[in-house]
Each structure stands twice: as C-alpha cells, then as structure tokens.
Protein chains: 2
Amino acid sequence: MTLDEAWRILQERQFKRTKNRETILEFFSDNDRYLTAMEVRNFMASDNPGISFDTIYRNLSTFSELGILEETELNGERHFRMQCDHGVHHHHFICTACGKTQNIAHCPMESVSVNLQGFEVEGHKFEIYGKCPVCVE
Amino acid sequence: MTLDEAWRILQERQFKRTKNRETILEFFSDNDRYLTAMEVRNFMASDNPGISFDTIYRNLSTFSELGILEETELNGERHFRMQCDHGVHHHHFICTACGKTQNIAHCPMESVSVNLQGFEVEGHKFEIYGKCPVCVE
DNA sequence: ACTAGTAATCGTAATCGTTACTGTTTACAC
DNA sequence: GTGTAAACAGTAACGATTACGATTACTAGT
C-alpha cells in the first residue's frame, strides 16, 4: 500500500486530509513493520506534543477498517502495519524484537475444512513468532 | 486433563490444595471451553463474594504454566480452558459465542519452513474463529 | 474569498483487564 | 499443637484503550 493509494481510499470515502493523518501515514509508510499506538504517539509528539490518544486510536481504527492498515494483537497490545500485498490473502512471520514481518504465502485453511461440518467459519489467524535475521544474534 | 491429573501435577510441584483451587479446577472441568478471568470470578463469587483478583489471576497463571490450562487471547482478553489431548500439539476452532472449541489436528508449520531461512522461530498461533453448530442459527 | 456545516481534534477523564502491595489467614510437615 | 511458607483478602496501582465536551480546521457552496 502506497501513500497515494491510501489517500485515494480516504478521499473516496470523504475523509479529510489533515496534518495528523499525513503524519501517521508517512510514519507507517517509512516503517515496514508492526507498530503500537504508543510508538505512533511518540513519533507524533516530536512536532505535536499535545497529540491526543483519541486522535491516534480513532485514526488507526479508521485506517484499519478501510484496509489501509492491517492489525494484530501481540501481548495484549494492538499492533498496526501498512497493508501489504494489495489485499491478497497471506500470513506473517512477525519478529518479536522489531516487529518486522515476512510474508507466508501458505494458508492452512485449505487443509482443515474436513473437520468443520456444521461450523460457521468467520475468520482465522495464523502467525509465526520469532526473531528476524537482523535481530537474531 | 482430568481433575486427578491436575492435582497430581500440583502435588508433585508442592502446591497446596486449597478451596479456591478446587473451585477453579472444578469450574474448568465442568466447562469444556475457553473462559475469562471474569467468568471464573463470577462463578466463585457465589460462595465467596470477597474473592480477590490476585487469587484468580495468580492461580490461572500458575495452572497455565504447569500445563493444566491452556491460554489464548481473544479481543484483548485472556481466555483459559482445561488442557486437552494430554499435551499433544494441536490447534483450535473457537466459537466466538460460547468459547467451545473443536480440535484441529493439522499444524501448518510443516508447510512453511522453506520461507524462513535465517529466522529463529519461537512459536506460532493458528486459530479458526466462528460459530459452533449449537450457536449457529 | 467568505461563510456555514460538519468532521476532526484537543485535553482530560473514565473504563477495562490485569498486576502489585500489605497484612492476615491457612495448609501442611514436623 | 506449633512453625513456616504459601495462599489469601482487600484494595490500590497500572497500562492500554475508549469516551466526552469544548474547540479548531477542512471543504463545499455561494
């Protein structure tokens, strides 16, 4: 997901172009990994110390709903990253040290349907956790 | 995991047999599904209204560490259930309405190693969410 | 450009789930 | 029974998230 694509989506849905949204999107665009709300806040605080939690969480949730960001939960904390691969279904290896991800093309759902007659599947989560080559020492 | 097995593990490790632990374990034994700390608390409050959060979370964490309970995180809340299948590796379908689970024998890790040279894998999570046959309407 | 209307924001407080602290009580070995 | 460490109750603190009233700023329409 590029910045241009993100803004196109926002404009289509009549969301306004504000300085805060620009800053948030640039931050995600420059950091290709999972980030917490607090990391976003700390980054934004450098040129806007009074930034509100309301603003951050509201925008992160909006971006996530629009498919601009993808979201996961690690250790009880929401993490966000720029949507990758233009919405093609995929999973992630996630580095527990730096948040960097590696795409996993294989989706396990193809192999499990046999077990689930009568069940209504709404979603699934497949994530691998560990250290990326940079963080492994 | 039966009550007897749980108590055997606890006695091996010198944990004391207390009324609170009995109540907690019975609750999990009688409810074959994922439960929250709050559900445990509400159940215990019926005969012990002054039950402390400390007691509940400490015991749930202990049981989880000992492999008596298994634990997952759903919507930012820790959920616990009695360990099933005697520790054999497996995954779950989890009903988002009632917390009931269905075992998934297939583990996707067998199919992904090719992507992860140089990565140090520490763990993984594969869960399917939806409605069980009882909760589907 | 000006203004109105509404979306977005700030500042702060409230909420939720969880963890931590301090005496007091209890289980269990001797 | 007695001693001792574990477990507990009661409560406060904590971190992440959500909510709210008042203010500001985008954008469309004139």
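All chains are named by letter (A, B, ...) in the order of the sequence lines, taking the proteins before the strands, and each is independently numbered beginning at 1.
- Between the CG atom of A:N42 and the C1' atom of D:dA16 there is a distance of 13 Å, given to the nearest Å.
- Going from atom CD of B:Q14 over to atom C1' of D:dA7 covers 15 Å, rounded to whole Å.
- For A:Q14, the CD atom counts as loosely surrounded, since its 6.0 Å shell holds 12 or fewer non-hydrogen atoms of other residues, nucleotides or ligands.
- Scanning residues 48-67 of chain B for heavy-atom distances under 4.0 Å to DNA chain C yields B:F53, B:D54, B:Y57.
- For the pair A:E39 (side chain) and A:T36 (backbone), a donor-acceptor distance under 3.5 Å is present.
- For the pair A:E77 CD and C:dG17 P, the interatomic distance rounds to 17 Å; values are reported in whole Å.
- Listed by chain and number, the residues in a side-chain hydrogen bond (donor to acceptor under 3.5 Å, both in side chains) with B:Q102 amount to none (sequence neighbours excluded).
- We find that CZ of A:F80 is positioned 13 Å from P of D:dA16, with the value rounded to whole Å.
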Under 3.5 Å, which protein N or O atoms sit close to an N or O of nucleotides 27-29 of chain D? Give each pair with its distance.
| unit_1 | atom_1 | unit_2 | atom_2 | d |
| --- | --- | --- | --- | --- |
| D:dT27 | OP1 | A:R17 | N | 3.0 |

Would A:R78 and A:S61 count as a side-chain hydrogen bond (donor to acceptor under 3.5 Å, both in side chains) here? Give the steps.
CA-CA 10 Å; A:R78 291 167 80 186; A:S61 296; 3.2 Å; yes
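- Residues A:T101 and A:R33 are not in side-chain contact: their nearest non-hydrogen atoms beyond the backbone lie 4.5 Å or more apart.
- Considering only residues two or more places apart in sequence or on other chains, A:N59 meets the side chain to side chain contact (heavy atoms under 4.5 Å, CB included) condition with A:R21, A:I24, A:T55, A:F63.
- In terms of modelled atom types and a separation under 3.5 Å, the side chain of A:H79 and the main chain of A:Y34 share no donor-acceptor contact.
- Put simply, the side chain of B:Q83 does not reach to within 4.5 Å of the side chain of B:R81, judged on heavy atoms.
- Side-chain N/O atoms of B:N20 include one lying less than 4.0 angstrom from OP1 or OP2 on D:dA9.
- The backbone N or O of B:H90 sits nowhere less than 3.5 Å from a side-chain atom of B:H92 that would complete a donor-acceptor pair.
- Side-chain atoms of A:S64 never come within 3.5 Å of backbone atoms of A:L60 as a donor-acceptor pair (strictly under, hydrogens ignored).
- By the 4.5 Å heavy-atom criterion applied to side chains, B:H124 and B:E122 are not counted as neighbours.
- Look at CE on B:M38: it is 10 Å from C1' on C:dT18, rounded to the nearest Å.
- By the rule that hydrophobic residues join a cluster once side-chain heavy atoms approach within less than 4.5 Å of another member, A:F119 and B:Y129 end up as members of separate clusters.
- For the pair A:L25 CG and C:dA8 C1', the computed distance is 15 Å after rounding to whole Å.
- The shortest distance between the side-chain N/O atoms of A:R41 and the OP1/OP2 oxygens of C:dC10 is not below 4.0 Å.
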What nitrogen or oxygen pairs link the protein and nucleotides 23-25 of chain C at under 3.5 Å?
none

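- Whole-Å rounding puts the A:E39 CD to D:dA16 P distance at 11 Å.
- Between the CG atom of B:L35 and the C1' atom of C:dG17 there is a distance of 16 Å, given to the nearest Å.
- For B:R13 and D:dA6, the shortest distance from a side-chain N or O to OP1 or OP2 is not below 4.0 Å.
- For B:R21 and D:dA7, the shortest distance from a side-chain N or O to OP1 or OP2 is below 4.0 Å.
- At its two ends the helix from C:dA1-D:dT30 to C:dC30-D:dG1 runs along axes set 30° apart, each axis drawn from five pairs and the angle rounded to 10°.
- Within the 4.5 Å cutoff, the side chain of A:M44 has no heavy atoms near those of the A:F27 side chain.
- Taken to the nearest 0.5 Å, the CZ atom of A:F126 stands 11.5 Å off from the CD1 atom of B:I128.
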